[in-house]
Amino acid sequence: MTRKVDGLYLCEECHLLYKEEHWAQKCEEWCRERRSCNLEITKHAVNKSELTL
Ligand SMILES: [Zn+2]
């Protein structure tokens, strides 16, 4: 399951953050099945350096 963190959605497989839940879910499904990253999905991830934690 994707986890919501500070208003963002976390892929628990690769720990990328997404603003939209559906991308986090796609990422998690992909990561779990393929054990690799899909650029078409990860390009939607939030850049961690843009976050103010
Ligand atoms: Zn992922």
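- Taking all atoms of both residues into account, the shortest heavy-atom contact from Y18 to C11 is CE1-CB, 4.4 Å.
- Shown here are the ring-ring contact (aromatic ring centres under 6.0 Å, His included) partners of H22, two or more places apart in sequence or in another chain: there are none.
- Rounding to the nearest 0.5 Å places OH of Y9 at 9.5 Å from CD of E20.
- Here CG of L8 is found 11.5 Å from CG of L16. Values are rounded to the nearest 0.5 Å.
- Salt-bridge annotation for K43 and E40: present, with a side-chain N of the basic residue lying under 4.0 Å from a carboxylate O of the acidic one.
- For the atom pair R3 CZ and L17 CG, the distance stands at 9.5 Å (nearest 0.5 Å).
- Taken to the nearest 0.5 Å, the CD atom of E28 stands 5.5 Å off from the CD atom of E13.
- Distance OG/S36 to CH2/W30: 6.5 Å, rounded to 0.5 Å.
- Contacts of R34 classified as salt bridge (Lys or Arg N to Asp or Glu O under 4.0 Å), with partners at least two apart in sequence or in another chain: none.
- Residue L10 holds its CG atom at 12.0 Å from CD of E21, rounded to the nearest 0.5 Å.
- Residues passing the side chain to side chain donor-acceptor pair (under 3.5 Å) test with H15: none are found, sequence neighbours excluded.
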